[in-house]
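Proteins come first, then strands; the chains are lettered A, B, ... in the order of their sequence lines, and each starts at number 1. Reckoned from all heavy atoms, side chains included, excluding hydrogens, waters and symmetry mates. Treat the numbers as computed from the prediction; the structure is a model and nothing was measured.
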Amino acid sequence: RVIIHIDIDCFYAQVETILNPSLCGKPLGIKQKNIVVTCNYEARALGVEKLMSIKTALEKCPSLVLANGEDLKKYRDMSEKIYQILQSFSPFVEKLGLDENFIDISHKINKSPEIKPEVSGHIFEEKNSDETCACGCTDRLKEGSIIAQEMRNQLKSELGITSCAGIACNKLLAKLVGATHKPNQQTTLFSASSLNLMKSLKHPRNIPGIGSAMNRKLEVLGIDTIEKLQATDLFKLIEALGVKTANQIQQLSFGIDDSHVKITDRPKSIGAEDGFPTIKSETEVRKKLKCLLDRVWELVEKDGRRPSQVKLTVRKLHATNHSVRETRQTAIDLTTGVPSNAPLGPLSENQEKKVITTLMNLFEKVVNCDESWQVTLLGISF
DNA sequence: CTGGGGTCCT
DNA sequence: AGGACCC
C-alpha cells in the first residue's frame with residue numbers, strides 16, 4: 001500500500017492567523033480556559049509549549065498573544081474544507097482529530113510507469129536509501145510523494161494552509177515519518193528503513209497506540225525501549241496485556257501495521273462540553289445545560305439526523321481533591337408532534353423542555369442530592 | 001482549572 | 001458505564 005499522512009502545522013494557530021492576518025509573525029497561543037492548548041512556531045521559539053498553563057506561558061513569553069479557542073466552530077469549518085480537498089484525491093480518507101488525515105492512494109499508483117518517478121521532499125535516511133526493493137514499493141512510494149506534494153500544494157493555494165506529510169506503506173509508518181521534518185515539509189519512508197525509524201523513537205510511549213496506561217504496564221515489565229519491546233517474549237507480554245493487545249503492540253514495535261484507512265463518514269456522536277470553576281446548585285446546572293444544548297443543537301441540526309440517545313457528562317470535585325467524570329445515558333424521543341421524516345429544525349420549546357428534563361433526571365443519578373457536591377464540568381452528547 | 005472534542009473496546 | 005486511545 002501507499003499511505004499518506006497529512007498533519008496540519010499548529011492547526012488552531014494557523015486558522016486564527018488566516019482569520020486575523022495581523023497576528024502573522026507574532027508569538028500566538030490558543031487558549032482554552034487556563035491552558036495554552038497549542039501555539040505557533042514563533043511562540044515555541046520563545047519557550048511556549050503545548051498544554052502549558054497560561055500563567056507559565058506568559059512568564060516565559062510576556063509578548064505572547066492569546067486567542068480564545070474554546071469554541072471549535074472555526075476549526076471544524078477549516079477541517080471540513082481540508083477533508084474535501086483530500087477527498088478529491090482519493091475516496092479513502094480517514095480523519096484523526098481536526099487536523100490529521102490518512103489517505104490510502106494505493107489504487108492511484110501507476111502499475112508500470114515508463115518514467116521512473118523522483119521523490120518530492122525528504123527521504124528518511126537518505127544516505128542508505130539507494131537500494132530499490134524488489135517488490136516495486138520504492139517506485140510506488142516515490143509516486144506517493146509526488147501526490148502528497150500535490151495535496152499540500154493545493155491546501156496551500158486554496159486554503160492558505162501549510163502542512164506536513166509522511167509517505168509510507170502503512171498508517172503507523174506514514175504518521176511517524178511525517179513528523180521527522182516539521183513544519184511545512186514532507187518525508188518518505190522506503191521500507192528498508194522501517195526498523196531504523198522505529199528504533200529512532202527510543203521510547204515505546206512514542207508509538208501511536210501505546211498510551212500512558214499501557215506504558216505504565218510496560219515499565220513494570222522493565223520495557224522502556226523499542227528494542228526491548230521487540231525482544232520481549234510474546235508469552236510474557238500476553239500475560240500482562242492479553243493476547244490481542246500484546247500481539248498488536250509487538251507488531252507495532254517492528255513497524256508492522258495492517259490496519260486499514262477507515263473512511264470517515266458522519267460522526268457517531270455529537271457533543272459539547274464546558275468546564276468552569278465550580279457549580280453547586282441545580283438551578284445553575286439547568287442554566288449551563290440550556291446553554292450547552294443550544295451549542296450542541298446547532299451541530300446536530302447541521303448534521304440532520306434525529307438523535308435517539310442523549311448522554312450527560314459530569315465532572316465532580318471529589319473529596320480526594322482530584323476530579324472524577326461520570327456519564328449517564330438514556331434513550332430520548334424527539335419525534336412526538338412531528339412526522340418522523342420531517343427535516344430536523346431548531347429545537348421547539350417542547351423539545352427543549354424534554355431534553356432538559358431528561359438531562360436533569362440523569363444529573364440526579366450522578367449527584368447525591370442529600371450531600372453537598374461541586375461540579376466542574378458538564379457535557380451533552382447525542 | 002490539564003481543552004474540548006472524538007473513536008473503539010471491555 | 002467506564003476506560004483506553006487519538007488529536
Side-chain angles (χ1 to χ4, degrees), chain A residues 5-13 29-39 49-57 66-76 78-79 82-83 94-102 163-164 171-172 175-176 178-179 204-218 241-245 248-249 252 259 262-279 292 295-296 299 303 309-318 321-330 362 365-366 374-382:
Chain A
H5 178 256
I6 300 265
D7 187 340
I8 309 302
D9 302 325
C10 47
F11 179 53
Y12 289 4
I30 309 305
K31 158 189 158 147
Q32 286 172 338
K33 297 287 149 49
N34 203 19
I35 294 272
V36 177
V37 290
T38 189
C39 59
E49 292 167 20
K50 291 179 185 180
L51 299 187
M52 195 153 73
S53 78
I54 299 282
K55 185 166 168 278
T56 309
L66 291 170
N68 190 304
E70 287 163 19
D71 186 341
L72 304 184
K73 184 171 190 312
K74 325 167 229 185
Y75 315 131
R76 285 195 180 103
M78 185 62 85
S79 182
I82 290 165
Y83 184 78
E94 176 180 350
K95 266 179 65 149
L96 190 56
L98 294 179
D99 74 321
E100 292 187 20
N101 287 277
F102 292 99
S163 59
C164 286
K171 287 168 64 178
L172 200 227
K175 180 175 165 98
L176 291 175
R205 180 66 234 262
N206 294 327
I207 297 178
I210 298 183
S212 62
M214 211 182 299
N215 186 48
R216 277 196 300 278
K217 292 184 189 175
L218 292 177
L241 305 173
V243 55
K244 218 177 126 181
T245 304
Q248 188 194 313
I249 70 162
L252 291 178
S259 69
K262 200 191 167 221
I263 295 174
T264 298
D265 40 59
R266 295 192 296 178
K268 300 188 168 28
S269 66
I270 295 173
E273 57 181 53
D274 191 12
F276 31 75
T278 193
I279 276 186
L292 279 170
R295 269 211 282 146
V296 72
L299 302 171
D303 178 87
Q309 297 270 319
V310 63
K311 178 161 77 177
L312 175 72
T313 300
V314 177
R315 186 176 65 195
K316 288 189 293 188
L317 206 54
H318 201 255
N321 193 25
H322 96 326
S323 49
V324 177
R325 293 170 89 112
E326 288 180 47
T327 63
R328 294 295 183 271
Q329 186 173 353
T330 188
L362 292 175
K365 294 185 181 186
V366 175
Q374 291 183 71
V375 165
T376 63
L377 176 143
L378 289 168
I380 302 176
S381 202
F382 287 106

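- Across dC8(B), dC1(B), dT2(B), the shortest atom-to-atom separation from the side chain of Pro277(A) is found for dC1(B).
- Across dT7(B), dC1(B), dC5(C), the shortest atom-to-atom separation from the side chain of Asn34(A) is found for dC1(B).
- Using a 4.0 Å cut-off between a side-chain N of Lys or Arg and a carboxylate O of Asp or Glu, Arg295(A) and Glu70(A) do not qualify as a salt bridge.
- The nucleotide whose nearest atom lies closest to any side-chain atom of Glu273(A) is, among dG5(B), dC5(C), dC7(C), dG5(B).
- Here the closest non-hydrogen pair linking Phe102(A) and His5(A) is CE2-CD2, 3.4 Å.
- Side-chain proximity of Ile35(A) to dC5(C), dT2(B), dG4(B): nearest is dT2(B).
- The side chain of Arg76(A) approaches dG5(B) more closely than any other nucleotide in the set dT7(B), dC6(C), dG5(B).
- Of the candidate nucleotides dG2(C), dC1(B), dC8(B), dG2(C) has the atom nearest to the side chain of Arg328(A).
- Among dC1(B), dG2(C), dC5(C), the nucleotide with an atom closest to any side-chain atom of Glu326(A) is dG2(C).
- Contact detail for Lys95(A) and Ser79(A): the closest heavy-atom pair is NZ-OG, 2.8 Å.
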- Asp274(A) vs Lys33(A), salt bridge (Lys or Arg N to Asp or Glu O under 4.0 Å): CA-CA, chis, key distance, verdict: CA-CA 9 Å; Asp274(A) 191 12; Lys33(A) 297 287 149 49; 2.6 Å; yes
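- The side chain of Leu96(A) lies closest to dC6(C), out of dG5(B), dC5(C), dC6(C).
- Listed nucleotides dC6(C), dG3(B), dG2(C) differ in distance to Lys175(A); the shortest reach to its side chain belongs to dC6(C).
- Nearest nucleotide to the Leu72(A) side chain, out of dG5(B), dC5(C), dC7(C): dG5(B).
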